[in-house]
Protein chains: 2
Amino acid sequence: MSEESTKQKILDSAGPIFAKNGYQKATVRDISEAAGVNLASINYYFGDKEKLYTELLLLAREKMGGGLSFPNLNSENSPTELLERFVTVLLRKLGIGEEPDWQIQLLVNEFLQPSSSSREIVEGYFRPYFESLLEIIDQLAGTGLNREDRLRLGFSVIGQCLHYRLAGPMISMLAGEDEAQGAFGLEKISHHIARFSIAAICGFNKISEPNPSGRV
Amino acid sequence: MSEESTKQKILDSAGPIFAKNGYQKATVRDISEAAGVNLASINYYFGDKEKLYTELLLLAREKMGGGLSFPNLNSENSPTELLERFVTVLLRKLGIGEEPDWQIQLLVNEFLQPSSSSREIVEGYFRPYFESLLEIIDQLAGTGLNREDRLRLGFSVIGQCLHYRLAGPMISMLAGEDEAQGAFGLEKISHHIARFSIAAICGFNKISEPNPSGRV
DNA sequence: TCTCCTTTTAAATAACTGTTTCAACCCAGC
DNA sequence: GCTGGGTTGAAACAGTTATTTAAAAGGAGA
């Protein structure tokens, strides 16, 4: 049990530290200290710092996969409901409106500075979600959606969501700290993105070119 | 002249190295070696590593500010034209569709992991652009736009644009390398984002709540 | 109690970091 | 030619890093 305990203490402490500081700035000394274990324990149980990190990445991916489930496309819900639910779930997974889990931060860091395991994460974890989003978009947009537009529509939705995770500090600065608290809670953001995207997707085919005459 | 040369060689070499590796991973030894100057020259000319970095940030901001100018809001152009032009200019500044300059990478890194000088960059450089975007949105949306919605509309446009700079690798993986080349060139992206956003903004007030009945 | 194996501990190691030192160098101005 | 300022060079410094070592401690089985 002592072995389990020590190893687990390392994992528990290392996750937040890697997430907060990144791989480089996180030191094994900080981790061992935070875990209340001896410095050598990390190498004893995990081999080296990098193996500890990859084990945490694996745990992060497992954790992210479970928990919140995306809407069932075969349900009788309307496409607009499905999209709003999709956005809400994605934002919640991204940890918007709450202190983000270290698991999410770890995966997001992998996106931004892609390493060897990024491809695996995208293929195994993110692609299924993205495909289900595209199916919702199909239902919303109706017929006549070409392949490229379909992808770009998906990225327009994803991009809005990710923005609130990635550009959080910038948003606070531009909106002001006080306003950022009120106007950018989870519900308000997800409602906004859903409304914005539904209006866009439904109106998409009506505007083949931006209309030079002004209002549409 | 030799002084100019050495200092300039340091600046030229340090920019890409900081951009690529981030502040922590970039070492003064790497920089001095790449510049072909002595290790001590960096401290001789810049005081320390951090002062070199902030000087590079300043240069990056100057470079980004000049060159492409955002549309003049007082012109006789229609709001839709203005928005498309805004998006195009922003994407070009972000270096979409070309190999990104180190200057851009440096500023983007500041967004993602804000340091002490981030606030200055946002206030001095980004806020004016953001405000002009909000004015374009005002013209597109017409009356009755509350303060919070106005901000969120702005971030929906910005978020879509930034997504192509931040999530480039993920996009390539999800869309496939071949398709990413074709479907995500500068013109196609900017045209898409403009079209998507115009449809969304113009249709925004028509959907107070996502409509449960399906198509709108 | 003795033994064997796993685990923990503290210390040492070697590599790497930013920074400093100080002698050597260059090159105008006298 | 010499002098003195600014500049360069190689080495050393002090601090931190991940990693390794070897001894100590613990704990179960005989």
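Labels below follow one simple rule: chain letters A, B, ... track the order of the sequence lines, proteins then strands, and each chain is numbered from 1. Side-chain atoms are counted along with the backbone in the values below, which use heavy atoms only and exclude waters and symmetry mates.
The shortest side-chain heavy-atom distance between A:K7 and A:F46 falls under the 4.5 Å cut-off. Side chains of A:V37 and A:Y44 form no contact here, defined as non-hydrogen atoms less than 4.5 Å apart.
At whole-Å resolution of the value, CG in B:N38 and C1' in D:dG9 are 5 Å apart. Look at CD1 on B:I31: it is 11 Å from P on C:dT17, rounded to the nearest Å. Nucleotide D:dA18 holds its P atom 11 Å from the CG atom of A:N21, rounded to whole Å. Atom CZ of B:R29 is separated from atom C1' of D:dT17 by 14 Å (rounded to the nearest Å). One interatomic measurement links the two molecules: NZ of A:K49 to P of C:dA15, which rounds to 18 Å at whole-angstrom precision. To the nearest angstrom, C1' of D:dA12 lies 12 Å from CG of B:L39. B:I17 places its CD1 atom 12 Å from the P atom of C:dT17, with the value rounded to the nearest Å. Here C:dA15 presents its P atom at 17 Å from CG of A:D48, a figure rounded to the nearest Å.
Distances shorter than 4.0 Å separate none of the side-chain N or O atoms of A:S41 from OP1 or OP2 on C:dT7. For B:Y44 and C:dT20, the shortest distance from a side-chain N or O to OP1 or OP2 is not below 4.0 Å. At C:dC16, none of the side-chain N or O atoms of B:T27 fall inside 4.0 Å of OP1 or OP2 (strictly under the cut-off).
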**Prompt:** Under the side chain to side chain donor-acceptor pair (under 3.5 Å) criterion, do B:Q105 and B:D101 qualify, and how do the steps go?
**Reply:** CA-CA 7 Å; B:Q105 193 64 41; B:D101 297 342; over 6 Å; no

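Counting only distance, with no hydrogens or angles, the side chain of B:Q113 and the backbone of B:N109 share no donor-acceptor pair below 3.5 Å.
As judged by a 4.0 angstrom heavy-atom cut-off over every strand, A:I42 is placed among residues making no nucleic acid contact.
Between A:D30 and B:G36, the residue anchored nearer the 5' end of DNA chain D, judged by the nucleotide with its closest heavy atom, is B:G36.
Of the candidates D:dT8, D:dT20, D:dA18, D:dA18 carries the atom nearest the A:V28 side chain, counting heavy atoms from C-beta on.
Both the sub-6.0 Å distance and the 45° axial angle are not jointly satisfied by B:K51 relative to the ring of B:Y45.
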